[in-house]
Structures are given as structure tokens and as C-alpha cells.
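Note that the structure is predicted; figures quoted are calculated from it, not measured. All chains are named by letter (A, B, ...) in the order of the sequence lines, taking the proteins before the strands, and each is independently numbered beginning at 1. Computed from heavy atoms alone, side chains included, the values below leave out hydrogens, waters and symmetry copies.
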Amino acid sequence: SQELEQSPQSLIVQEGKNLTINCTSSKTLYGLYWYKQKYGEGLIFLMMLQKGGEEKSHEKITAKLDEKKQQSSLHITASQPSHAGIYLCGAHEEGSNYKLTFGKGTLLTVNP
Amino acid sequence: KAGVTQTPRYLIKTRGQQVTLSCSPISGHRSVSWYQQTPGQGLQFLFEYFSETQRNKGNFPGRFSGRQFSNSRSEMNVSTLELGDSALYLCASSLGGGLGDTQYFGPGTRLTVL
């Protein structure tokens, strides 16, 4: 089965700093989703990437998909305390259009 | 549009009991998926329903079951609860549930088994 490995597992940054979170798949990626979760709450959809080389941005968050490396990165520019939370990547498994597999998440702390 | 709603938000049960969780999808969404989230295993897929049919199932014992109604609302049931079933149960809805179809998550039901 597919596995998604996220790095780093946790990250502490000073407000205003840039940061990058990576998500690497053990198998071919068929769509990659990024979500954000506040502890104990539901997941908030951030972005979806489908094609190799695709890059999407929303406010200060940019996500890229490198199909060849089977990897996606999430970059936050000029981090703010509101960016704190758990970031999760999810992807469809080959042959399983309806099932999402998720990474274990990256815990982001932003110190004011 | 209202988001995905889940009831109840919190639940405390004892071992051996059974529990039913409810999920109301976003209006117009016909696919509902269920996930279990624990600190050790992370987010794990339970099952997915579309038009009252289960299309995919994760690796969970038969104690975990679900169903979907004609209005797309879904319920999941866990029988003979075990301590290890304590988790955050999340449901997600999407239009059709296929590739490229974004899943939107509800706030979750926190189940504690004593």
C-alpha cells in the first residue's frame, strides 16, 4: 500500500520566517492534497495538485508537485501565529479512486 | 453552504458497548468517507459510500460498519467497543468521490472508551 512520509515531523519558527514542509510518496502520486488541522478538530482543505510541475498559491502558502520525485512541498512565506497547526498531505492510492492515504502530519509552531 | 456536520461531537462509552456516529455532508455531495485518527496511527481510512453503496473499505475489523441514506447522510457504527477504539472519527464529503474530487471534512466526533 502507499505510504506518505512527511518531513519534518515538527517545526518551530519565529514569526516572519519562511518554512517548507515536504511530503514524499512511496508510489506514484495520483493527486496530492494539503490540509491543515488544529489539534482535535477537523481538517481544513488548503490545496490540491494533480499534475507534475503544478504549483498553486493561496495567500502566503504555496504548494508544488514534483511527479518524478513523487514529492510535494508546502512553503509558507512570512509565517504568522495563525499558520500554526498540523499540516497533512493526502493522496489517492493507485487503483483506489475513493480512498485517501495521509501522512502522519507536520506540527508547526510559530512563536510571536 | 453549510459545511459537513457530525454528531455528537464528544462521546464517552465503556468497553463492550456499541456506538453510532452521524455525518451530514455538504448539500449536493453524494460521497461520504469515514476516517479514524489516533496519535499512533494517524489518519486511517475506514470506508466510503456513494449513493447508498459502499465502494471502498479500509483494513478495520467487522465491528466497524457504516451505511448511507438516500439523502446522502451517513452513519457509522462500532460494536463491542475496545479501549483501542478511542479516537477522533472524521467524516468527509465530496461531490462524487473520485480522483481530483476534493474531500471536505467535518469537525469530528471524539470517542473515548473507558
How would you list, by chain and number, every residue that makes a side-chain hydrogen bond (donor to acceptor under 3.5 Å, both in side chains) with [X], sequence neighbours excluded?
{"X": "B:Ser70", "result": "none"}
{"X": "B:Asn71", "result": "none"}
{"X": "B:Arg15", "result": "none"}

For the hydrophobic clusters of this structure (ILVMFWY residues joined by side-chain heavy atoms under 4.5 Å, transitively), does one cluster hold both [X] and [Y]?
{"X": "B:Leu11", "Y": "B:Leu81", "result": "yes"}
{"X": "B:Val4", "Y": "B:Phe45", "result": "yes"}
{"X": "A:Ile86", "Y": "A:Ile76", "result": "no"}
{"X": "B:Phe47", "Y": "B:Leu111", "result": "yes"}

Practice item. With rounding to the nearest 0.5 Å, note down the distance linking CG in B:Leu43 to CG in A:Leu4. Key: 11.0 Å

Revision key, fill the gap. Interface check, chain A: of B:Gly42, B:Gly108, B:Gly106, B:Gly100, most non-hydrogen pairs under 4.5 Å belong to B:Gly100

Any donor-acceptor pairs between chain A and chain B, under 3.5 Å? If so, list them.
{"unit_1": "B:Gln37", "atom_1": "OE1", "unit_2": "A:Gln37", "atom_2": "NE2", "d": "2.8"}
{"unit_1": "B:Gln37", "atom_1": "NE2", "unit_2": "A:Gln37", "atom_2": "OE1", "d": "2.9"}
{"unit_1": "B:Asn56", "atom_1": "ND2", "unit_2": "A:Ser96", "atom_2": "OG", "d": "2.7"}
{"unit_1": "B:Gly100", "atom_1": "N", "unit_2": "A:Tyr33", "atom_2": "OH", "d": "3.4"}
{"unit_1": "B:Asp101", "atom_1": "N", "unit_2": "A:Tyr33", "atom_2": "OH", "d": "3.4"}
{"unit_1": "B:Gln103", "atom_1": "O", "unit_2": "A:Tyr35", "atom_2": "OH", "d": "2.6"}
{"unit_1": "B:Pro107", "atom_1": "O", "unit_2": "A:Gly42", "atom_2": "N", "d": "3.4"}

